[in-house]
Amino acid sequence: MNKIAPELIAELKEKKEPEKGLPPLEVGGALVMRFAPNPNGPPTLGSARGIVVNSEYTKKYKGKLIIRFDDTDPATKRPMLEAYTWYLEDCEWLGAKPDEVVIASDRIDKYYEVAEQLIKKGGAYVCFCEQETFKALKDEKKACQHRNEKPQKNLEFWKKMLAGEYKEQEAVLRIKTDIAHKDPAIRDWVAFRIIKTPHPRPEVGGKYCVWPLLDFEGAVEDHLLGTTLIIRGKDLTDSETRQRYVYKYMGWTYPETMHWGRVQIHEFGKLSTSGIKKAIAEGQYSGWDDPRLPTIRAIKRRGILPEALRKFMLDLGLGETDISLSLDTLYAENRKIIDPVANRYFFVWDPVELEVEGAEPKIAKAPLHPTRGGIREIPAGTTVLITKNDADSLKEGERLRLKDLYNIEVISISPLQVKFIGTDMDLVKKEKARIIHWAPLDGLKVRVLSPDREFIGMGEHGMEKEVDKVVQFERFGFVRIDSVNGDEIVAYFTHK
RNA sequence: GCUCCGAUAGUGUAGCACGGCCAAUCAUGUCAGACUCUCACUCUGACGACUGGGGUUCAAAUCCCCAUCGGAGCACCA
């Protein structure tokens, strides 16, 4: 068979193992994609999906990846200056360095030009209706009095808008669509509104008082940037219908589009950027990289590797269904990468002193890693520390082993008394004795920050050399050594 | 109210464009066991799904209709 029709075999194999993750794309010419966040906070796990998927496609099809900051709302969703840098940092960390960076607030004049052309073509008009008035008319498929104004007149109004002659709320520029469109979401939408709050970027500041809305800014940018494929959340599906009016007036070609559903993560629930911002200000979180937050910065700090996060996001595919997922899969992905390389250490949380009768001081020799080799030496006195959990579970007469050290027998529970009974591994092999871990009395103070709680305890020496690395605290879980302050180690819990 | 969209195991996904090879893929999870001086890793096994009802057809997860459930938009937010 192999000789007669090797291509059939190849085809069979291909069918057996379909490409995981993203569906293949039919790319005609060059592929240009963009990721377009509003930098009003740092990138989150949700942003990561956009960054990863866009970058994966542009990598795969040798396309161009653009990051475009849609920062055209200086008031309601006001951009944060630091966030521009954070996005670029996090993109790079995720292996998605953009080929081009565009900031919308730098390009307002370009949007004005298009607006002017649209007005001249009769595709846009200045509307002075109050919001409620317009909505009432719109719901009845009725045009307002401003809709039929001559382009010449509209141009005049527009210039006045730009000159700052109107107050906020007084006038907007609307795109003329179909006032009787069966979908009310499409009828004559707002393209520009007046905002007198200065933009946070010093380069822009109070330069403009007329700002485009996302649908307009995005429409113009996607044309200017030559975007060929847009992938975005399904909350923006209607944007396409709206934006197509602009494209039609201008004679442009609309990009291909794909949409995905909303992602909710069990561990984080519903957290909005503005909600988090408030909570940080109130001191509920230590900052944007607090381990309880779903930001990329926090995930990074906790020791999740970018490869794991990429794989996790890619495996979600591109469904339009809303998904609700747990981070377990991400952790499993990360563990696969980390387990073979992470060194092992003892860390005793909620420590309890254990004096071992009849023991001699000894230097324990434990493997740095169960299969990779390497030895760590831990000097143990006659008193060691064990975790309260283990201490509480001891039974009178129980014989057990302190890992990599020696065997003990419990004489009494209260007061807790144990005695040395040898070093023979047979105790474990034959009696199936429990093995518990321990820490030396003169170890390092360790604080572990996890999303649920903070662990304080003692760890063995050596881990202070692992700053910024992920290690495993045996019988505890993986942890990223974050910093060393004097004799105290701060670690972030990664996962079990 | 109007308009769109979606529905495969606990979770996420493959299969659906071109119906049969699907008593349905892979991953994660849970449980059990093996290995192991960690409750980690690895290995083995088990568990577990086509939302419901009609229709078309020799044949439906796949095509059509209805119902149900879920989501999104109808902002001078992104």
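A note on names: the letters A, B, ... follow the listed sequences, proteins ahead of strands, and every chain is numbered from 1.
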**Request:** Could you check which of B:A40, B:G12, B:A75 has an atom nearest any side-chain atom of A:Ile323?
**Result:** B:G12
**Message:** I'd like to know if the side chain of A:Thr387 pairs up with that of A:Asp350 as donor and acceptor (distance under 3.5 Å, no hydrogens or angles considered).
**Reply:** no
**Request:** Quote, to the nearest angstrom, the C1' distance that separates B:C50 from B:A46.
**Result:** 22 Å
**Asked** Taking the same atom, C1', in B:U51 and in B:G71, what whole-Å distance lies between them?
**Response** 16 Å
**Message:** What's the gap between B:G15 and B:G20 when it is taken at their P atoms, as a whole Å value?
**Reply:** 13 Å
**Item:** Greater than 12 external heavy atoms within 6.0 Å of A:Lys362's NZ
**Value:** yes
List the atom pairs, donor and acceptor, that lie under 3.5 Å between side-chain atoms in residues 190-197 of chain A and the rest of the protein, sequence neighbours left out.
| residue | atom | partner | partner atom | Å |
| --- | --- | --- | --- | --- |
| A:Arg193 | NH1 | A:Thr72 | O | 3.3 |
| A:Arg193 | NH1 | A:Trp211 | O | 3.4 |
| A:Arg193 | NH1 | A:Pro212 | O | 2.9 |
| A:Lys196 | NZ | A:Gly164 | O | 3.3 |
| A:Lys196 | NZ | A:Tyr166 | O | 2.8 |

**Fill in**
Quick tally for nucleotides 66-73 of chain B: nucleotides whose base has a protein heavy atom under 4.0 Å get B, sugar-phosphate-only ones S, the rest -, giving -----SSB
**Request:** Pick the C1' atom in B:G10 and in B:U30, then give their distance to the nearest Å.
**Result:** 9 Å
**Message:** In dot-bracket form, 5' to 3', how is RNA chain B paired? Count Watson-Crick and G-U wobble pairs only if both distances fall under 3.5 Å, and write | where the partner sits on another strand.
**Reply:** (((((((..(((.......[.....)))((((((.......))))))...(((((..]....))))))))))))....
**Request:** Have a look at A:Thr241 and say if it touches a base, only the backbone sugar-phosphate, or nothing, with a 4.0 Å heavy-atom cut-off.
**Result:** nothing
**Request:** Quick one: label A:Lys403 by what it contacts on the DNA or RNA (base, sugar-phosphate, nothing), any heavy atom closer than 4.0 Å.
**Result:** base
**Asked** Say you pick atom C1' in B:U25 and the same atom in B:G48; how far apart are they, in whole Å?
**Response** 14 Å
**Message:** Salt bridge check, A:Glu165 against A:Lys159: does any charged N sit closer than 4.0 Å to a carboxylate O?
**Reply:** no
